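Both backbone and side-chain heavy atoms feed into the values below; hydrogens, waters and symmetry mates do not. Keep in mind the model is a prediction, meaning the values are calculated, not measured.
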Amino acid sequence: MTTPQERSTGFPERLSKTATLAAVALALPLHLWVDPAVGWTLRVVAAIGFIAGIVCSRRWKSTMVAAVTGAGTIVPALLAASVHVAAINAFYTVWLAALFGALLPLTPRDRWELPRPWRIPLGVWALTLSLAWPVLIVREAGLRLGALRDTGALASWADLNTPQVESWILHVALAQLVALLWLESLYIESAMGRLKPAPTYVGSRPSDPPRAVHGLWVGASIASVVAIYQGTVNMAFLSGGIWPGLRRAAGTLLDANAYGSVAAVAGPIAFVSIPYLRIRHTRAAQAAVLALNWAGAWMSGSRTAMVCGAFGTLLLVYELLRAGRRDDSARETPSLLAGVVVVVLLVAIGSGAVGPLKRMAEGAGPNASLRDLWTRGGYGSVATRMIRDYPLTGVGVGSFNWMAADYWRTMAQDKLPFDNAQNWWRHQVAELGVVASMPILIWSVLIAWFVLTRRSRPEARIETQTLRGLLVGIGAASMLGMPTQNPIVLLIFFYVVARFEMLTSAPIETGSAPDFAKATSGKKAGPYVRLAWIAGVVIAVGYAGGHLVLARGPLKPLERAARTNRDYMSGTYASELLPQGQFRWTKKHATFALGTTSRFLVIRYHIEHPDADTQPVRLRITTPCETLVDELRSNAGVSARAFELPEGQNRVAFDTDVSRTWQPSQFGQADTRELGVAIEADFIGTPSVVASQQRWIPLKPCV
C-alpha cells in the first residue's frame, strides 16, 4: 500500500505544520500561566495529562485519542468541583493538553495528512493562527512582556483585565489548532491501515469509523445523564453561574448552550455509529442513546441545539422508515422511534427545565424583524463596524467577544455582554479580515458543495444522510450563532465533516490505497499548488505583521481606551477602598489614562517602604509633556498635588516611576506583591473643597 509518508512536501507546508505544533506547545503552558484564575493544581494536572497522553498513545494509539476525546465533556465539571474556581477556559486547556499529548506520537511533523482539496485552506488557517496569537498577546500587554499578568489593567468595557483577555485569545487559538490536528488524526487512522482504509467498502458494509467517534458520543451521553438529573432533581448539581437560575441544564460542560449542541448532535451520531461496535441488541442501544441525548438537549433549553440536531435526526428517522419498508428485519424500527419520542416527552414534561420551544416562542416577539436577526442585539452591527474599520486585518483572533463592548459603548452608549458576532462567517471576517479569512471561507464553500452534490451510496445511506442533515443543521445554526466556538462542538463538527467525506468519496477496490493517500503519494506538487501555498504563507505572515503595526497604533490598549473614554491603568494592582475613594498600588512603573469628570484633578500619593528613612525612594510622576512630581520620599506620609486641566480636555494620562519596590512578605506579612507607590486620583467638582492645596497647577494641553 502506498502510504502518506511517501509524499514529498514543500517548504510552505512544512512551515505550516511545524509552526502549528510549536504554537500549541507554547500556548498551552502560557495560557495556564497568564490566566488569573489558574493555580498550581490545574497546571500540574495539565502536565500530567500531557505526559500521560504521549506515553499511552505510543502504546494504544487511536484508542487513547478516543478516550481523551470522550473525557472532554466531563473534564469541565470535574475540575470545577475539584478546584472551586470559575476558569472554564483553563479547564478546556487542561483537557486540550492531554489531547495534544495523545495526538503527538501520531502526527507527522512536516506535512498535513488531509484530503488534497482541504490541505491548503486548512494549512493556511493553522499557520495564520500560529503566527497571530503571539502578536495579539504582546499587543494586549502594551508591547511589554512584563505586563502579561497585569491584573490591574482593564482591557475592555466588558470589565475584563489584560490576563483575562489574553486567556480568551489563547483559548480560541488553542481550540482551533488542536481541533485541526485531531481532524488530521481521523484520516491518519484510516489511511495507515489499522482499520480498513476509508472509504474502502468490504462487501456491502462501509469501513469502520475512526474510534474517536465512540469517545464523543459516550462522553456526550454521560453529560446527558447529568443533565437529566439536573432538570428533574437538582438544577445546581455540577452546575453553576447563570444556568440554575434560568432553569437550564448545563450537563457537565458548565454551559447550557454548548452542552445542548453536543447532545443534540451526538445522539444521531451515536445511532449510526453503534452498529460498528457489533454488540447485541444493537437497535435497543441505538434508541436508548438517541432518547437519552435528546432528552438532555431538551433540558438545556438551547435553541441552537434544536437547529443543530433537528435536521440530522429528521433525515435519520426518514431513512430508517424508508429502509423498514424494504427490509422485513427492520419492522421494529417504527416502534423503537416511537419509544424514543415518548421517553423524551415524558422527561420534558416531568422536568422543571425551560425547553427550547418555549424560548423560541419568547424570542420571536410581535416586533421581531429580519433586521433583528441580522443585527442580533447589537452584535451584528458591531461586527459590521469592525469590518469597515479593519477590512484587511480584522480586530484579531479571539478579539471580537470582548472588544465588542468597546464598540457598542461608542455606538450606543450602552453595555454589551461578552459574546460572539452571532454568525460564524461574519465573526471570522471581523476577526481575520477579508484576506486572512479567505482560506476558511473557501473551505466552508467546499464543504457546502460536498453536502449538496455528493451522493449517498446504498450500503451507507442511513449514516450518510444523517451526517448530511447534521452538517445542514450546524450550518444553519451558524448563521445565527457560533456553536462551534465550544471545543467539543468543534471536534464533533470536524468528525461529521470527515466521516461524510470518507463515505461519499469515490469507492475503490479492497486492498488498494485510499484515494487521499493516492493524492498524497510521492509526486511533487504542481506549480499552481506551490503558488497557492506561497500565497497562503504571505497571507499568514501579512496578517501577523499587520497586527504588529496595529498594536503600536489604533489597536494599542491605550489608544482603544482613549477612543471609548475608558479608564486604563497598567503596571498596577487592583484598586483598594479608602474612606474617601479608591487607590491603587503600582509596580516599579505604571501608566494611568483617565477619562475626566471635571477640570480639577487631585493626585494623592504615598509610599510604605519600611527602610525609606535610611534609603529614600525616588518618585517621579510625569505626563507626556511635563513632570508633575519628582522627589525623594523618606516617610509614609500622604502628599497631594492639585492640577487644573485645559479647557475642553476630556482625558489625562500620566506615568509613575519609583527607584525601587518592596515586598511585604519579606517583612513578616502575607502580601507577596512588589509595591511601589500608592496612587489616588480624584476629579473635584469645585476647587474650593480641597483645603490642603496651596494652589492649583495648570496642566499643559497634552494627554
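Between Trp443 and Phe493, the angle of the ring planes goes over 60°, which puts this pair in the perpendicular group of the 30/60° scheme. Taking the six-membered ring where the residue is Trp, Tyr379 and Phe400 present tilted rings, their angle falling between 30° and 60°. Aromatic ring pairs are classed by plane angle as parallel below 30°, tilted from 30° to 60° and perpendicular above 60°; the pair His171 and Tyr92 is tilted.
The structure places CD1 of Ile447 at 11.5 Å from CD1 of Ile474, a figure rounded to the nearest 0.5 Å. Remark: Ile88 CD1 to Leu79 CG distance equals 10.5 Å, nearest 0.5 Å. In this structure, CD1 on Ile169 lies 5.0 Å from CG on Leu136, to the nearest 0.5 angstrom. Atom CH2 of residue Trp408 and atom CZ of residue Arg385 lie 9.5 Å apart, to the nearest 0.5 angstrom. Atom CG of Leu238 sits about 7.5 Å away from atom CG of Leu78, to the nearest 0.5 Å. A distance of 9.5 Å separates CG of Leu555 from CG of Asp389, quoted to the nearest 0.5 Å.
A distance-only check finds a donor-acceptor pair linking the side chain of His547 to the backbone of Thr393 [under 3.5 Å]. Judged purely by atom type and a 3.5 angstrom limit, Thr484 has no side-chain atom pairing as donor or acceptor with the backbone of Leu490. Of the possible polar contacts, one joining the Gln230 side chain to the Phe237 backbone as a donor-acceptor pair under 3.5 Å is found. Side chain of Gln485 to main chain of Asn420: no donor-acceptor pair is present (N/O by atom type, distance under 3.5 Å, no hydrogens or angles). The closest donor-acceptor contact from the side chain of His31 to the backbone of Ser167 lies under 3.5 Å. No donor-acceptor distance shorter than 3.5 angstrom exists from the side chain of Glu166 to the backbone of Val34, with no hydrogens or angles considered. Counting only distance, with no hydrogens or angles, the side chain of Thr596 and the backbone of Asn650 share a donor-acceptor pair below 3.5 Å. In this structure, the side chain of Ser156 engages the main chain of Trp402 through a donor-acceptor pair within 3.5 Å. Looking at Arg139, its side chain never comes within 3.5 Å of a backbone N or O of Lys556 through a donor-acceptor pair. No donor-acceptor pair under 3.5 Å is formed between the side chain of Thr304 and the backbone N or O of Pro483.
No salt bridge links Arg409 with Asp414; every basic N to acidic carboxylate O contact stays at or beyond 4.0 Å. Arg426 and Glu431 are not joined by a salt bridge, as no carboxylate oxygen comes within less than 4.0 angstrom of a charged side-chain nitrogen. For Arg584 and Glu576, the salt-bridge test fails: no basic side-chain N is under 4.0 Å from an acidic carboxylate O.
In terms of heavy-atom proximity, Ala590 sits nearest to Thr572 at CB-CG2, 3.8 Å. Ala179 and Phe494 make their closest contact through O-CD1, 3.4 Å (heavy atoms, listed as atom of the first residue, atom of the second, distance). Across every non-hydrogen atom of Pro163 and Leu148, the tightest pair is CG-O, 3.7 Å.
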- Taking it one step at a time, do Leu160 and Trp168 satisfy side-chain contact (heavy atoms from CB on, under 4.5 Å)? CA-CA 10 Å; Leu160 298 176; Trp168 180 254; over 6 Å; no
- Stepwise side-chain contact (heavy atoms from CB on, under 4.5 Å) check, Asp567 with Met569: CA-CA 7 Å; Asp567 290 350; Met569 283 78 70; 4.2 Å; yes
Decide yes or no on side-chain contact (heavy atoms from CB on, under 4.5 Å) for Leu42 and Phe91, but give the supporting numbers first.
CA-CA 8 Å; Leu42 289 180; Phe91 296 160; 3.9 Å; yes
Apply the test side-chain hydrogen bond (donor to acceptor under 3.5 Å, both in side chains) to residues Asp150 and Ser570: give CA-CA distance (whole Å), side-chain angles for both, the deciding distance (0.1 Å), then the verdict. CA-CA 7 Å; Asp150 188 351; Ser570 66; 4.6 Å; no
Stepwise, does the side-chain contact (heavy atoms from CB on, under 4.5 Å) test hold for Leu357 with Trp298? CA-CA 9 Å; Leu357 294 183; Trp298 186 275; 3.5 Å; yes
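Side-chain contact check for Phe450 versus Leu446: some heavy-atom pair is nearer than 4.5 Å. Between Phe311 and Leu470 there is no side-chain heavy-atom pair separated by less than 4.5 Å. Counting heavy atoms from C-beta outward, Asn257 and Trp243 have side chains that approach closer than 4.5 Å. Annotation: side chain of Asn401 is in contact with side chain of His427 (closest heavy-atom distance under 4.5 Å). The side-chain heavy atoms of Trp424 and Ile440, taken from C-beta on, include a pair separated by under 4.5 Å. Side-chain contact between Val497 and Trp118 is present, with at least one heavy-atom pair separated by less than 4.5 Å. Under the 4.5 Å side-chain criterion, counting only non-hydrogen atoms from C-beta, Leu441 is in contact with Val429. Proximity of Val265 to Ile269: side-chain heavy atoms (C-beta onward) are separated by under 4.5 Å at one or more points.
For Arg563, the side-chain hydrogen bond (donor to acceptor under 3.5 Å, both in side chains) criterion is met by no residue, not counting sequence neighbours.
Two rings, from Tyr407 and Trp157, have their centers 6.0 Å or more apart.
Applying the 6.0 Å contact sphere to CE of Met438 captures no more than 12 heavy atoms from other residues, nucleotides or ligands.
Shown are Ser302, Ser300, Ser224; of these, the side-chain hydrogen bond (donor to acceptor under 3.5 Å, both in side chains) with Tyr259 is made only by Ser224.
In the model, Thr313 has a side-chain atom that pairs as donor or acceptor with a side-chain atom of Trp294 under 3.5 Å.
Annotation: salt bridge (Lys or Arg N to Asp or Glu O under 4.0 Å) contacts involving residues 242-258, sequence neighbours excluded, are absent.
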